[in-house]
Amino acid sequence: MDFKKNIIAGVALATLSMHGFAAEMNAGTIHFTGEIIESSCTIQGDDGTDSTIPLGTYPTSLFNTVGKETALTEFSITLANCPLTSAGLPAVQLTFNGPTTLTKTKTLLDVSKITTTGETAATGIGIAVSPAGKDDKLITMDGAEGQIYIELATKSEDTIKADFNARYKSFADAVTAGPADADMTVNILYR
């Protein structure tokens with residue numbers, strides 16, 4: 001009987017020793033670093049933070065098929081007073097929102113009558129926006145992330161910008177005449 005007690009006591013002591021050894025073993029340390037910043041970027045538009053981009057006047061006869069586009073109109077979104085670039089935040093991201101119910105595609109803004117009154121808006125047409133130099137890649141107007149990044153500056157007095165092209169694009173076989181205005185909301189994400 002004493003032999004069995006000694007074996008059980010030895011196993012219990014060995015188990016306690018292994019747990020004690022494992023608890024004292026220091027294999028490494030995880031360091032968490034980072035920084036909390038103020039969300040400070042502001043859009044520099046032609047009217048405060050807003051801008052107006054004239055797309056021109058076109059006849060309905062130009063839009064004789066679905067997908068017909070007008071000439072590209074260049075514009076930029078300029079940011080000022082942004083934080084400086086850092087390892088944790090090398091760029092800011094832009095997202096875009098706008099009405100797309102009538103066009104039934106998240107890449108074409110619905111047109112309406114913003115600048116004129118008393119007229120019915122054009123139908124069968126929307127406004128498409130793409131990054132400059134990537135005109136076949138249309139921006140989605142549903143707040144999606146991962147579309148446009150702007151690298152942050154290294155000097156506080158610098159402004160940063162992203163360049164775009166806008167144009168009318170038909171989504172129906174027949175386009176009717178009328179005002180063809182649209183609003184696109186730009187948001188800045190710091191991540």
Side-chain angles (χ1 to χ4, degrees), residues 39-60 62-83 89-117 119-152 159-191:
S39 300
S40 58
C41 286
T42 55
I43 294 178
Q44 286 187 332
D46 56 16
D47 183 17
T49 59
D50 297 343
S51 292
T52 301
I53 312 299
L55 293 182
T57 303
Y58 299 93
T60 57
L62 175 68
F63 306 100
N64 52 10
T65 60
V66 173
K68 189 73 174 182
E69 296 183 355
T70 61
L72 300 176
T73 300
E74 298 175 354
F75 73 98
S76 297
I77 296 175
T78 302
L79 304 178
N81 306 314
C82 291
L89 186 66
V92 292
Q93 184 179 167
L94 300 182
T95 64
F96 308 88
N97 291 90
T100 58
T101 306
L102 300 176
T103 64
K104 294 184 173 70
T105 172
K106 54 189 175 180
T107 59
L108 289 180
L109 291 167
D110 293 347
V111 297
S112 61
K113 51 181 187 173
I114 297 170
T115 58
T116 58
T117 58
E119 297 180 47
T120 303
T123 63
I125 195 92
I127 296 174
V129 177
S130 58
K134 298 179 181 176
D135 296 323
D136 58 339
K137 182 183 176 198
L138 300 181
I139 299 292
T140 62
M141 304 298 169
D142 59 356
E145 296 185 30
Q147 298 186 90
I148 300 295
Y149 292 89
I150 305 175
E151 289 184 16
L152 291 168
T159 58
I160 55 177
K161 70 176 183 161
D163 298 319
F164 300 90
N165 288 315
R167 74 293 225 155
Y168 290 117
K169 184 174 183 175
S170 61
F171 63 88
D173 287 327
V175 172
T176 64
D181 306 326
D183 282 339
M184 177 178 76
T185 303
V186 181
N187 300 297
I188 303 168
L189 297 181
Y190 300 84
R191 56 173 173 237

K.L.:
Which is it for Asp110 and Thr101 under the side chain to side chain contact (heavy atoms under 4.5 Å, CB included) test, yes or no, and what are the steps along the way?
P.N.:
CA-CA 7 Å; Asp110 293 347; Thr101 306; 3.8 Å; yes
K.L.:
Measuring from atom CG of Asp183 to atom CE of Met141, what distance do you get when rounded to the nearest 0.5 angstrom?
P.N.:
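Those atoms lie 11.5 Å apart.
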K.L.:
Closest approach of Ile125 and Thr103, non-hydrogen atoms and distance?
P.N.:
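Taking every non-hydrogen atom into account, O-CG2, 4.4 Å.
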K.L.:
Quick one, Leu94 and Ile188 - any side-chain contact, counting heavy atoms below 4.5 Å?
P.N.:
yes
K.L.:
Using a 3.5 Å distance criterion without hydrogens, assess whether the side chain of Thr95 forms a donor-acceptor pair with backbone atoms of Glu145.
P.N.:
no
K.L.:
How close do Ala180 and Ala122 get, heavy atom to heavy atom, and via which atoms?
P.N.:
CB-CB, 4.4 Å
K.L.:
Let me confirm one number: the SG-CG distance from Cys41 to Asn81, rounded to the nearest 0.5 Å.
P.N.:
8.0 Å
K.L.:
Using a 3.5 Å distance criterion without hydrogens, assess whether the side chain of Ser170 forms a donor-acceptor pair with backbone atoms of Thr65.
P.N.:
yes
K.L.:
Given 3.5 Å as the limit, does a donor-acceptor pair link the side chain of Asp163 with the main chain of Ser76, or not?
P.N.:
no
K.L.:
Please tell me if the side chains of Asn165 and Glu74 come closer than 4.5 Å, counting only heavy atoms from C-beta onward.
P.N.:
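SC-SC contact between Asn165 and Glu74 confirmed.
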K.L.:
Please give me the minimum heavy-atom distance between Thr60 and Ala177, naming the atom from each residue.
P.N.:
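Looking at all heavy atoms of both residues, the closest pair is CG2-N, 3.7 Å.
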K.L.:
How about Val111 and Pro179: do any of their side-chain heavy atoms sit closer than 4.5 Å?
P.N.:
no
K.L.:
Nearest 0.5 Å, please: how far is CG in Asn97 from CE in Met184?
P.N.:
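Met184 CE to Asn97 CG: 10.0 Å, rounded to 0.5 Å.
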K.L.:
Do Leu109 and Pro99 make a side-chain contact, defined as non-hydrogen atoms from C-beta onward lying under 4.5 Å apart?
P.N.:
yes
K.L.:
Any side-chain donor paired with an acceptor under 3.5 Å for Thr105 and Thr107?
P.N.:
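There is such a pair (donor and acceptor under 3.5 Å, judged by atom type) between the side chains of Thr105 and Thr107.
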K.L.:
Just wondering, do Asp135 and Arg167 contact through their side chains at under 4.5 Å, heavy atoms?
P.N.:
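They are in contact (side-chain heavy atoms under 4.5 Å apart), so the answer is yes.
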K.L.:
In the structure I gave you, are the side-chain heavy atoms of Val66 and Asp173 within less than 4.5 Å of one another anywhere?
P.N.:
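Yes, close enough: below the 4.5 Å cut-off.
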K.L.:
So, Ser112 versus Asp181: side-chain donor-acceptor pair below 3.5 Å or not?
P.N.:
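Result is no, nothing qualifies.
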K.L.:
State, with a plain yes or no, whether a side-chain heavy atom of Pro131 is found less than 4.5 Å away from one of Gln147.
P.N.:
no
K.L.:
Can you find a pair of side-chain heavy atoms, one from Thr100 and one from Asp142, that are under 4.5 Å apart?
P.N.:
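Side-chain contact under 4.5 Å: no.
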K.L.:
So, taking the atom named OG in Ser51 and the one named CD1 in Ile43, what distance separates them when rounded to the nearest 0.5 Å?
P.N.:
8.0 Å
K.L.:
Roughly how far, to the nearest 0.5 Å, is CG of Asn187 from CZ of Phe96?
P.N.:
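CG of Asn187 is found 9.0 Å from CZ of Phe96.
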K.L.:
More than 12 non-hydrogen atoms from neighbouring residues, nucleotides or ligands closer than 6.0 Å to CD on Glu151, yes or no?
P.N.:
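At most 12 heavy atoms, drawn from other residues, nucleotides or ligands, come within 6.0 Å of this atom.
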K.L.:
Where do Ala128 and Leu108 come nearest, in terms of heavy atoms and distance?
P.N.:
CB-CD2, 3.6 Å
K.L.:
If you look at every heavy atom in Val175 and Phe63, which pair is closest and at what distance?
P.N.:
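Looking at all heavy atoms of both residues, the shortest contact is CG2-CB, 3.5 Å.
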K.L.:
Nearest 0.5 angstrom please: Tyr168 OH to Thr57 OG1, how far?
P.N.:
7.5 Å
